[in-house]
Amino acid sequence: MPSPPSSPRRVSGNPPAIKIVPDNVFQIQQAVCEWSDSANWYNLILLSGGTGFAIKDNTPEAVSPLIHRHAPGLVHGMIAASLKVTPCEMTSPYPPWQFVWEIPRHLEAYTSWSPIAGVRDKSLIITLPGSPKGAIENLEAVVKLLPHACLQSAGANSRNMHAAGLKSLEAEAGSNDPSAGPNRRYRSSPYPMLSVEEALMQISEHTPEPIIVDAPVNTAIVGSVVAEDVYAAESVPAYKASIVDGYAVIAPDSTNNAPSTKGVFPVASITHANVGGSLKPLQPGTIARITTGAPLPPNANAVVMVEDTDLVSSTADGTEEATVEILTGDIEPGENVREPGSDVRLGEKILTRGDIISPAGGEIGLLASTGIRTVKVFRKPRVGVLSTGDELVEHDDPCTLTGGQIRDSNRPSLLSCLSSWGFPTVDLGIARDTPASELEHALRDSLRGVGRASSSVDVIVTTGGVSMGELDLLKPTIERTLGGTIHFGRVSMKPGKPTTFATIPFKEAGDGNTQQERKSKLIFSLPGNPASALVTLNLFVLPSLHKLCGLGESSRALSTKPWLAPQLGLPRVAVVLTHHFPLDPKRTEYHRAVVTGSRSDGRLYATSTGVEGVGQRSSRVGSLASANALVVLRPGRGVGIKGEIVEALMMGSVYGSDTRLIC
Ligand SMILES: Nc1nc2c(c(=O)[nH]1)N[C@H]1C(S)=C(S)[C@@H](COP(=O)(O)OP(=O)(O)OC[C@H]3O[C@@H](n4cnc5c(N)ncnc54)[C@H](O)[C@@H]3O)O[C@H]1N2
Ligand code: MOO
Ligand SMILES: [Mg+2]
């Protein structure tokens with residue numbers, strides 16, 4: 001017989017208490033602490049009101065610092081319940097992607113609306129909206145969990161509760177305990193099913209602000225976002241330079257009384273682009289041969305092109321020009337001359353925080369030409385990619401596959417996709433499911449920068465092991481072994497349903513280059529099915545990497561020029577379906593497709609990489625082989641109709657039907 005649960009300490013004779021306090025952080029905290037910290041502590045403390053967006057609403061701000069252990073499961077439950085009732089809070093009036101990434105004020109509003117639930121000492125504390133309807137809906141969403149949550153917060157041993165057949169809070173909100181055996185695993189996922197928009201919101205909220213580093217000006221900074229305005233350290237040109245090959249002359253102006261430039265002149269000197277030392281001043285009545293980019297001799301104020309001259313005589317040895325006739329008298333002072341600093345002035349702002357160092361070379365050229373040797377940029381995140389699974393064999397292993405073995409295709413495809421986006425990657429290899437500690441060690445090593453990761457990674461991407469199998473160990477390893485927080489473990493999408501996003505506590509002090517420090521790292525645990533892994537990498541990991549590398553700052557900096565401001569994640573476009581696309585009744589589908597552009601009507605057209613049979617099956621990585629887009633098909637009955645206009649996320653370039661590149 002399993003032993004009964006150890007009986008938690010109950011507050012005997014503590015009648016329910018009610019208090020009304022003003023919207024004042026200190027007074028709210030005082031009231032909560034009176035109930036949680038005293039000898040007669042209360043097991044459950046509910047706060048209602050002050051959770052909205054108004055300035056005076058500050059209950060979450062007051063309660064959050066008091067929490068010792070957060071209960072994200074309860075929070076998810078309440079948010080999911082609220083969104084079911086008022087979905088417009090999330091989406092209207094903006095399309096979801098815009099809402100998530102481009103309307104930060106909405107994001108803040110949503111963040112502050114988010115309820116707080118967690119334990120202080122032995123008291124479970126939950127914030128509820130002030131509106132009676134909202135408070136009831138939120139409470140109803142979690143009320144079934146409360147008895148056991150209260151038992152746990154009061155100190156009951158969760159194992160004993162399991163053994164007694166009681167479902168604990170952990171059982172509702174946490175991962176499987178792998179040591180408990182398959183007969184104890186959950187038979188339905190304990191993770192709330194989030195919409196893609198909610199999942200993106202979680203990612204945006206938990207992706208930290210970018211870190212600034214001093215980077216040498218070289219090709220490694222291509223794709224980086226500038227973190228501080230940059231000012232020219234030198235003038236360009238640094239001297240008065242010729243724009244053409246020809247002869248430096250003294251053109252007449254009101255100050256020099258020089259004669260017309262038309263006529264025959266002795267060639268007094270030669271100045272080449274790499275001339276060293278000081279130049280002899282040009283004497284009136286003489287000219288100096290000069291090459292493009294070379295400095296004009298003092299007194300010279302214009303250059304005549306060689307095409308506008310004739311050779312008159314050579315030196316006695318016949319090797320040099322002695323006299324040259326200038327055929328034109330219309331040379332203006334300053335003609336064919338670049339004044340010092342006329343391209344870039346010393347101290348002029350050449351790049352602005354938020355600018356992107358583009359692969360086109362303009363920004364690097366500007367930095368290089370103005371004597372800038374290092375520039376402050378946002379550090380590009382280093383991404384480690386780990387495959388998990390006992391069945392995996394290296395893709396290039398010459399062995400013949402036996403039993404249930406399969407080739408590890410996720411790692412090469414994810415690594416190449418990440419590299420193509422310009423992020424440094426670390427190949428973390430394969431972690432076996434058994435023993436489970438292999439996964440734990442692989443994750444710990446990559447965080448610390450030992451083993452295959454020579455320096456610590458900022459983001460870990462794993463594939464496999466996130467669904468409902470007894471060997472799906474990612475969630476328990478993150479939560480139970482590494483002390484991480486899973487922000488979501490299921491998303492209503494196809495493919496990619498079990499996609500998991502978590503943060504793992506990890507204190508990283510700033511190095512010599514950076515003052516900032518980070519307290520946690522991100523882990524994206526993507527489903528093992530190859531198409532699911534690639535689709536979710538594109539959909540979820542990319543926006544987070546974009547935020548980490550400063551593109552969010554770039555958008556903010558360029559908010560006055562929205563047409564230049566980069567958006568986070570894949571670009572979104574409208575496409576016309578060229579045929580019927582089947583719809584999933586429940587999940588939003590990210591259908592792999594080829595989008596081409598029509599030069600005649602200027603529209604984009606989407607054709608599936610395979611609708612028949614197994615065409616879009618999540619194990620079929622071939623569904624992505626020629627795809628340049630993910631067509632977003634909202635759930636529904638039947639099919640997306642030929643000719644319908646839907647949204648698509650662009651993963652690659654668009655070609656015209658004539659195969660010429662469009663963009
Ligand atoms: N009872 C349920 N089973 C499954 C559910 C569910 O909701 N309930 N979800 C299904 C969905 S949807 C997906 S997607 C997969 C996700 O599986 P896991 O993330 O747990 O991945 P594994 O079980 O480890 O592997 C799944 C599949 O992918 C192959 N795989 C794994 N890693 C690689 C790799 N590196 N390269 C190529 N292929 C890989 C693996 O061999 C399996 O065939 O779960 C469903 N099950
Ligand atoms: O989510 Mo799974 O990726 O549908 O096969
Ligand atoms: Mg699995």
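Note that ligands are numbered from 1 as they come in the structure, with each ligand's atoms numbered from 1 the same way.
- Below 3.5 Å of separation, one finds no N or O of S618 facing any N or O of ligand 1.
- Given atom 3 (O) of ligand 2, the protein heavy atom at minimum distance is S532 OG, 2.4 Å.
- S195 contributes a side-chain N or O that, together with a main-chain N or O of E198, makes up a donor-acceptor pair within less than 3.5 Å.
- For atom 45 (C) of ligand 1, the closest heavy atom belonging to the protein is S467 OG, 3.9 Å.
- Distance alone, capped at 3.5 Å, is enough to place a donor-acceptor pair between the D472 side chain and the S467 backbone.
- With ligand atoms numbered from 1 in the order given, ligand 1 contributes 1 (N), 2 (C), 8 (N) to contacts under 4.0 Å with heavy atoms of M468.
- Atom 7 (O) of ligand 1 has its closest protein heavy atom at K497 NZ, 2.9 Å.
- Closest to atom 5 (O) of ligand 2 among all protein heavy atoms lies S618 OG, 2.4 Å.
- Each of the following atoms of ligand 2 lies closer than 4.0 Å to a heavy atom of G496: 1 (O), 2 (Mo), 3 (O), 4 (O).
- Of the residues listed (V459, T503, I460, V457), the one engaging I523 in a side-chain contact (heavy atoms from CB on, under 4.5 Å) is I460, and it is the only one.
- At least one heavy atom of R407 sits closer than 4.0 Å to an atom of ligand 1.
- Only one option out of S446, S387, S525 pairs with T462 in a side-chain hydrogen bond (donor to acceptor under 3.5 Å, both in side chains); it is S525.
- Closest protein heavy atom to atom 34 (C) of ligand 1: N410 ND2, 3.1 Å.
- Of the candidates N529, V621, L474, D390, it is N529 that places a heavy atom closest to atom 43 (O) of ligand 1.
- Looking at V466 against ligand 1, both its backbone and its side chain come within 4.0 Å, counting heavy atoms.
- Atom 36 (N) of ligand 1 has as its closest protein heavy atom S409 N, 3.1 Å.
- Taking atom 23 (O) of ligand 1 as the reference point, the nearest protein heavy-atom neighbour is D472 OD1, 3.5 Å.
- The two atoms that bring R592 and Q616 nearest to each other are NH2-O, 2.8 Å, heavy atoms only.
- A salt bridge links D584 with K494: the distance from a Lys NZ or Arg NE/NH1/NH2 to an Asp or Glu carboxylate oxygen falls below 4.0 Å.
- In this structure a side-chain-to-backbone donor-acceptor pair under 3.5 Å is present from Q567 to L570.
- The cationic atom of K475 (NZ for Lys, CZ for Arg) lies less than 6.0 Å from the six-membered ring centre of Y191 and within 45° of the ring axis.
- The shortest heavy-atom distance from P530 to ligand 1 is under 4.0 Å.
- For atom 40 (C) of ligand 1, the closest heavy atom belonging to the protein is E391 OE2, 3.1 Å.
- Atoms of ligand 1 found under 4.0 Å from any heavy atom of G464, numbered from 1 in the order shown, are 19 (O), 21 (O), 24 (O).
- Between K497 and ligand 2, a contact under 3.5 Å exists for at least one N or O pair.
- Residue N529 has at least one heavy-atom neighbour below 4.0 Å for each of these atoms of ligand 2: 5 (O).
- Contacts between I430 and ligand 1, counted as non-hydrogen atom pairs separated by less than 4.0 Å, are absent for every part of the residue.
- Of the possible polar contacts, one joining the R452 side chain to the D427 backbone as a donor-acceptor pair under 3.5 Å is found.
- Heavy-atom proximity to P498, at under 4.0 Å, picks out these atoms of ligand 2: 1 (O).
- A donor-acceptor contact shorter than 3.5 Å links the side chain of R407 to the backbone of E394.
- Ligand-side atoms of ligand 1 in range of D408: 34 (C), 35 (N), 36 (N), range being under 4.0 angstrom from any heavy atom.
- Between S532 and K497, the side chains place no donor N or O within less than 3.5 Å of an acceptor N or O (distance only, hydrogens not considered).
- Residue P495 places no N or O, backbone or side chain, under 3.5 Å from any N or O of ligand 2.
- Taking a 4.0 Å cut-off on heavy atoms, S532 registers as neighbouring ligand 1.
- For atom 30 (N) of ligand 1, the closest non-hydrogen atom of the protein is G528 O, 3.3 Å.
- At a 4.0 Å heavy-atom cut-off, ligand 1 touches P527 through backbone and side chain alike.
- Of all the heavy atoms of R587, the ones lying under 4.0 Å from any atom of ligand 2 belong exclusively to the side chain.
- A heavy-atom separation below 4.0 Å is not found between S619 and ligand 1.
- When each atom of ligand 1 is checked for a heavy atom of S387 under 4.0 Å away, the hits are 35 (N).
- The single protein non-hydrogen atom nearest to atom 21 (O) of ligand 1 is G465 N, 3.1 Å, given as residue, atom name and distance.
- With no hydrogens or angles considered, a side-chain donor-acceptor pair links D390 and T434 at under 3.5 Å.
- Note on ligand 2: P527 sits outside its first shell, no heavy atom being nearer than 4.0 Å.
- Across all their heavy atoms, T607 and F581 have their closest contact at C-CZ, 4.1 Å.
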Report task. Go through the steps for H395 and S409 under the test side-chain hydrogen bond (donor to acceptor under 3.5 Å, both in side chains), then give the verdict. Result -> CA-CA 6 Å; H395 76 278; S409 63; over 6 Å; no
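- Here the shortest heavy-atom pairing between L577 and V646 reads CD2-CG2, 3.6 Å.
- Checked for salt-bridge contact, E197 and R634 meet the test: a charged N lies under 4.0 Å from a carboxylate O.
- By the 30° and 60° cut-offs, the orientation of the rings of H206 relative to H487 is parallel.
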